[in-house]
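Below, chains carry the letters A, B, ... as their sequence lines are ordered, and counting in each starts from 1. Small disclaimer: the values here were computed from a predicted structure and weren't measured.
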Amino acid sequence: MPVLGRVVATERKPNTPHEFHFWTALDSPVGIGTIVRVESAQPVSGVLPVVYGVVVEGFGYTDVETPLHEVLGYDGEPGGDAGAPTRRTEIRLYSAAVLRHVPEEPLQPVSMGTVHLASDEDVAVALRMDAYLTPGSSTGIPVGLYRSGATSSPVWLDADFLLGPEAAHLNISGVSGLATKTSAVEWLLASIFAHFPAKKGRVAAVCFNVKGPDLCFLDQPAVKLDEADRALYDRLGVPAEPFKDVEYYAPYTAKGYALNTLRSNDALAHNVKPLTWGLREVLQYAEVLLNKDDVDAKADALIDFIKERVVDQEFSDPKYLTAVHRVQSFGELERWFRDLLTGMEKQNAESWRTHHVATIRKVRNRLTNISTRCRGLVTDDGTVSDLPFGEFRDRAVYVVDVANVEADAQDLIFSRIVSMLREHLEKRDLGVEHVIVFVDELNKYAPSDGPDTYVRAMLLDIAERGRYLGLVLFAAQQFRSQVHRRVVGNSGTALFGRMDPDELAMPGYSTLSPATRTKLSTLEKGQLMVRHPHFSQPVFVRFPRPAVLSGREGVERFPQAAEQTLDEAVTRALRTLDRTVTLEWVKDSIALADEEEVLRARNRTMQAKPDDVKAFFRAQLKRRVRAEPVDARPRQPLKTAPTDDPYGF
Amino acid sequence: MASTYDAAEGGTSIREALRALRNAPIPGDEMGISVVRPAGPALELTPADATPPRLEAATSIEGDLLAVRGVGEPVVAFAAFLDGIQASQVILRGRDGAPVVHGTVAAVVRRRSDRILHVWRGAPRISRALYAPVPLIGARELEWLRSTRMEIVDTFAGGDAALARHPMELLALARTAVQRRREELEIALAESWCASEAEPLFVDGGISGAGRASQSMFAVGVVKSHRTLYATGGALTVVTGLEAGARTTAFEIRSPRRTTVASWYLRLRDARGRDPFFGLVRVEIARESWSTERADEASRWVLAERAPVSLPDKRWSTMAYGIRDCEEYLRALTGA
């Protein structure tokens, strides 16, 4: 590499072991974020030191002492430049943060030397990537391409520090609407799936789609992938294609007919599955939905009693209950409460098994209310359709669409799924050894202030202990400063897209130079600043557009299905299991059933996935006496009175 | 210890010279000279017995009397700028006050290409030497000085050792010797340019002493100081009353030891309400190449160098930016 600049140090601007200054020609390709190599001319212990640095600040000035001199020089006429035959002496002076000294010891201030643009090999050494890019045992995951002048070098993250066990988790910050956060995650997932070493185990991703159609078309190819993007994919060794194995999960709408997702086009229905839970699943995480101020210790005790003694077993209390109850659904729980409270009223009892009647009423109100608040997710009848815990597939993406779901239900979904992932990973029976959980809008789920919620506590737990289990959090938010410090602090890797200047003014960014902050606030689409444990300074990279259909394009290409009637909704659901199911068949089958019964039958069929879908579905409907045609025999007419006999004799 | 500067860069700095003297074995018991502590100021910053201002008549070669001419619009034509610097400091003194001066002189041609100045032919000319009245210094002391391996210039060469012993006079001799050395470097560069290039060279100062360059049509000297004014009587009013962008008619400057050149005064900037010498320069070109058209043309070239201004230099009203650039360059390089 040709000499690009020379190190310079003055008493006012001295070099240190962590920072140095150099000047360049005016037309040099150096900019903020450029990685350079300094070749010192002064040997230390017989070795000529080489120092790698990244440019963090730039200065330019001329020999004009004050602006007034310049005004005088032009007679106050700014347009007078054309006549000046000589350009003033001008300097480009840069400050660079040291990335690495070779050799590492003794650690000394950077000495005078020549400055060169870093080559591919230099970038690998400067970012300490040489430690994990060993041929045959590489754990590198490409995150993007570092570019400067004619240099374009892949930048690799260390899988051990991205997915554990050394460090883990990823946090992405950036303003909305610039295709940074979601695109970066989509790209990085593709990169991980392509490069995660097989010997490290299997990996899958669970993505929570929290807004719009962002993640609804991960299995569809991108429309706008140009040659430059494809070249980036080639250079980074990642196939430019959509994810091959994607499953979508969404609760039903409140009405219960259709799934509550923007991925409702018939052409994409084959891998969209309902997410529904019954009483048992919800009670496990009741504390997510129950306000702590509302549910005191007494209520907590009753809920525990119900969980342990009432649900999923025969329960009788001849003194108060009129029947033996087997509670398996919210509907049955409501009947149990009603029976119990009626029994207590009849006997004028104020407490039952130490639980006061007021507490019982309160718990009844709160629990039965859950199925209303989370309508579409929680079923009264106990039907469960869940992620395939225990059967997770390698390199599969499971998208849970909660974009149109109420906040309470979102919290419940998030808490239960993550807890289930954790439980299965602890037992090593999930099906994969590593799960990436992607959550957008992290500042909503783990805010830096506000009440201590169950979701936040769980996110903190993942952030602090998840890496040992293989549970990795990829989280995104617009304002990093509004996310709990322990969550972002435990993210080994951080990506920054274009940032809001107000956000950059927060104390958390004070370690960045003003020039780096300026660059962050003006980053183009597809550019990121990367922090990683191996990199002693953040570096800027460019990543390709995701090879998947964007949400906006997806909803245009696959418009949302029109609002469905009950017949259509059932047909659509059953056809995912059996393509021979027709609308006419469904209409005929459900003609005599009520809506609730039809939906229950559909849900049970979807859960059971029987071989004979039609027979199973019909069997779920209540048996009815088949209607018979009215006897067509002529009836004897009533004997008419003789017209001349007014008394009928 | 090896010098920071190689021979092409002019030898040894003051600090290195003093270090070499400190480390050198002292011949004999006691030296007749000793190091000056603390080091004095640069001689260029100390008041000197300058030549008193004077008026001198000159022979007009463009009409009978000195008159005013407009020169037209500025034209950019200079391809390069030549200037030199000097810096000298007393570092040793004898018991009788005889000074030993460390002198640094340098000269450079800065060639303009695409409006940016670069060093012509890759390197400036730099000379560092000790300037001493050799006959007044003892043999042992001279041997000690030579241990620095620096060039020793005899400031007394050709003088009568018995007559001149006043320390201030010796200092003036040293300063003159340093100046002479700077002029030698400048002349060598000017001659070199004129011998090899066919484009105009802006020379800081007069060219009458510039050897073969003084006869070249490519060297244009621009004199900023006017301790000698080539105007007497009514001509003086013509010079001081010149308006911006105008020149006087030309005259000859003759000197016994210098080449005769054609010269004229040119006002670069509006001096109304200011010192009469504000923006006033005297231009010199070879006598042989002179013509009225040539004088107008060279004036237009000089006028074009008014921008950018060379502030914060105090001489900015008359100093071309290219000359300031030469000086800054040499100062940066020599530390002078």
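- Separation of atoms OG1 (A/Thr66) and CG (B/Leu311) is listed at 8.0 Å; rounding is to 0.5 Å.
- Heavy-atom contacts from other residues, nucleotides or ligands closer than 6.0 Å to CD of A/Glu90 number more than 12.
- Among all heavy-atom pairs drawn from A/Glu65 and B/Pro312, the shortest one is OE1-CB, 3.1 Å.
- Remark: A/Arg6 CZ is loosely packed, at most 12 non-hydrogen atoms of other residues, nucleotides or ligands lying under 6.0 Å away.
- Here the CG atom belonging to A/Leu26 is positioned 6.0 Å from the CD1 atom belonging to B/Ile116, to the nearest 0.5 angstrom.
- Between B/Val309 and A/Arg88, the shortest heavy-atom distance links the atoms O-NH2, 2.7 Å.
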Test side chain to side chain contact (heavy atoms under 4.5 Å, CB included) on B/Leu117 and A/Thr86 and set out the steps. CA-CA 7 Å; B/Leu117 297 169; A/Thr86 309; 3.6 Å; yes
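- The stretch residues 318-332 of chain B places B/Tyr321, B/Arg324, B/Asp325 near chain A, each with some heavy atom under 4.5 Å from a heavy atom of that chain.
- With sequence neighbours left out, the side-chain hydrogen bond (donor to acceptor under 3.5 Å, both in side chains) criterion links B/Thr104 to no other residue.
- Formation of a donor-acceptor pair under 3.5 Å by the B/Arg115 side chain with backbone atoms of A/Ala84 is found in this model.
- Taking both residues in full, the closest heavy atoms of A/Pro85 and B/Glu305 are given as CG-OE1, 3.5 Å, listed atom of the first, atom of the second, then distance.
- In this structure, A/Tyr61 places its OH atom where only 12 or fewer heavy-atom neighbours from other residues, nucleotides or ligands lie under 6.0 Å away.
- By the side-chain contact (heavy atoms from CB on, under 4.5 Å) test, A/Ala131 is found to be paired with no residue, residues two or more places apart in sequence or in another chain being considered.
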Distance-only donor-acceptor pairs under 3.5 Å for side chains of residues 537-545 of chain A, two or more places apart:
from, atom 1, to, atom 2, distance (Å)
A/Arg545, NH1, A/Asp226, OD2, 3.3
A/Arg545, NH1, A/Asp229, OD2, 2.7

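- Within a 6.0 Å sphere centred on CD of A/Glu104, other residues, nucleotides and ligands contribute more than 12 heavy atoms.
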